[in-house]
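Input: a single structure, listed below in structure tokens.
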There are 2 protein chains.
Amino acid sequence: MNQDISDCKTIRVHAPATVANMVCGFDVLGFCLDEPYDVMTLTLLEGTSDIRIRHVDDHDLPTEPSLNVAGAALIALQEELETPVGFEVVIDKRIKPGSGVGSSAASAAGAVVAANHLLGGRFDPTTLVRFAMCGEKVASGVKHADNIAPCIYGGVTLIRAVFPLDIVPLPAPSLFASVVHPQIEVRTSDARQILMQKVFLKDAIKQWGNIAGLVAGILKGDKALISRSLEDVLIEPVRKILIPGFDLVKERSLAAGALGGGISGSGPSIFMLSADRATADAVAGAMADVYRSMGIDHHTYVGPIAKGGVRIVA
Amino acid sequence: MNQDISDCKTIRVHAPATVANMVCGFDVLGFCLDEPYDVMTLTLLEGTSDIRIRHVDDHDLPTEPSLNVAGAALIALQEELETPVGFEVVIDKRIKPGSGVGSSAASAAGAVVAANHLLGGRFDPTTLVRFAMCGEKVASGVKHADNIAPCIYGGVTLIRAVFPLDIVPLPAPSLFASVVHPQIEVRTSDARQILMQKVFLKDAIKQWGNIAGLVAGILKGDKALISRSLEDVLIEPVRKILIPGFDLVKERSLAAGALGGGISGSGPSIFMLSADRATADAVAGAMADVYRSMGIDHHTYVGPIAKGGVRIVA
């Protein structure tokens, strides 16, 4: 144990929400939001390998480490330490589970980033993503990284490949996101099952033209190109069926000036990107109006694409 | 008719070879070579809308304008002129037809770029691509733009969408291409027919992870990322069957230091990219060795990814 560790045994982090898929970038792109975020407090426990989890919210999530997203991520991290250490984890989950903005990813990413800090920063970000993916497996059965990576790196991230893991951080374009979370349930597993196993090659070609355009637009700072590329001919037409009001939200958002957007992760949240905050506010208003008129409870968030991921606050 | 036109009635251009698909970028990416190139001489004919085509090579290509690639492209251009003009076209085709390095695209692109110059540059590059695509339709039955666009723009081009046409020019990475053309025939139509109409979504996801990585690598100048992204899980495994020696060429090229590569267009040419000319020369040597040992006639070319497309030389 080095000096850094004994000097700093407790740490608090904000683990932000993230938007996976980014319309045409199914399973490979994601970006980081400023809020909402979970507040997580980790304390290093020496001389034990116990993981003790406590929730200070109303979500009734499991506290058994192997069944808890943060716990499973920390177990994966512990397995690569020579000296056993334990963690006390206090979670104030402010990102509603099942909302489609990376609630489970925030817990997993927040836990491993905080733990890594307590351990003197011995693991690189890609390794932390790998640990956190074990948390995602607990949540959804799949070790996907498209929320975890932006939650740890910030900005926009590309998961070029999963085996072996190859993460390409892209700069955060100066865009603002509007997110609406209608209070309906879409299970990630249902959203997966509804997809076709096979797709037409001609549609796949359209999709990779768009993802190539989106990545080029992000790297060139070309908002018009980003806007034209935010088109999904494969996943959205199928999944939007699970989200009442989707088409109207999209139509009204574009009319309010959004560059484009679509389903956040596997839904039910919907995100839109805009060139400035005023437009993003107007878009969020238009989104809320749709669900208000449908009598569906909802929350909205507006903020920039965040340049950084999990933030250490104390 | 303005002054520019009467001042300059004959023009000579070099219309270069191009590599379409770029491994994972099937139907959407292409890049421009320095050589081989066709030499085309166009003369403006006033008071007529005749197109007179003459070949000064041994390829026995059609001279009837509507059946000739350059002719069909010029007819498309003529249709958007108010005043009828004609063209005399002399073609010295040095890019062997059917070699898979954009021979037909060079004729079509060279013709419209030269004609546009004779007409005072009234059409923008995207419009020229649109005209030249009518030439590609004569050659292969499909109005594809993935050779035409790099031949006109130079560098690497992304065809984000075909309808409506959306071309995204990318900067030319400072890489060198090695191309081997084995003297065997692969018909574009056969190469199309061999492809599956449907593909697994999980494979399509791998492919768009790679194309996103390739575009990011090109824009960031990250050669290691370009190398990792030059992987094609969908098209190459099927099409390589039509190209004897493909696997060995690839294996030997990578062993000689290539970053990666694959089938050029629909083949039979194979291209590899390298970080410097010395490596590209060694790679071309390794490629040639394979076909020499197989007793298959072949040509090789080595050169940078060309920053410019069709060049005006006189």
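Per chain, numbering begins at 1; letters A, B, ... match sequence-line order.
Annotation: residues 132-151 of chain B contacts chain A through no residue [non-hydrogen atoms, separation under 4.5 Å]. Chain B is approached within less than 4.5 Å, heavy atom to heavy atom, by A/Leu201, A/Ala204, A/Ile205, A/Gln207, A/Trp208, A/Gly209, A/Asn210, A/Ile211, A/Ala212, A/Gly213, A/Val215, A/Ala216, A/Leu219, A/Lys220, A/Leu225, A/Arg228, A/Ser229, A/Glu231 from residues 201-233 of chain A, ordered by number. Interface with chain A: from residues 234-241 of chain B, residues B/Leu234, B/Ile235 qualify, criterion being any non-hydrogen pair under 4.5 Å. Near-neighbour residues of residues 23-31 of chain B relative to chain A, defined by a heavy atom under 4.5 Å from a heavy atom of that chain, comprise B/Cys24, B/Gly25, B/Phe26, B/Asp27, B/Val28.
Between chain A and the options B/Leu195, B/Val162, B/Asp166, heavy-atom pairs under 4.5 Å are most frequent for B/Asp166.
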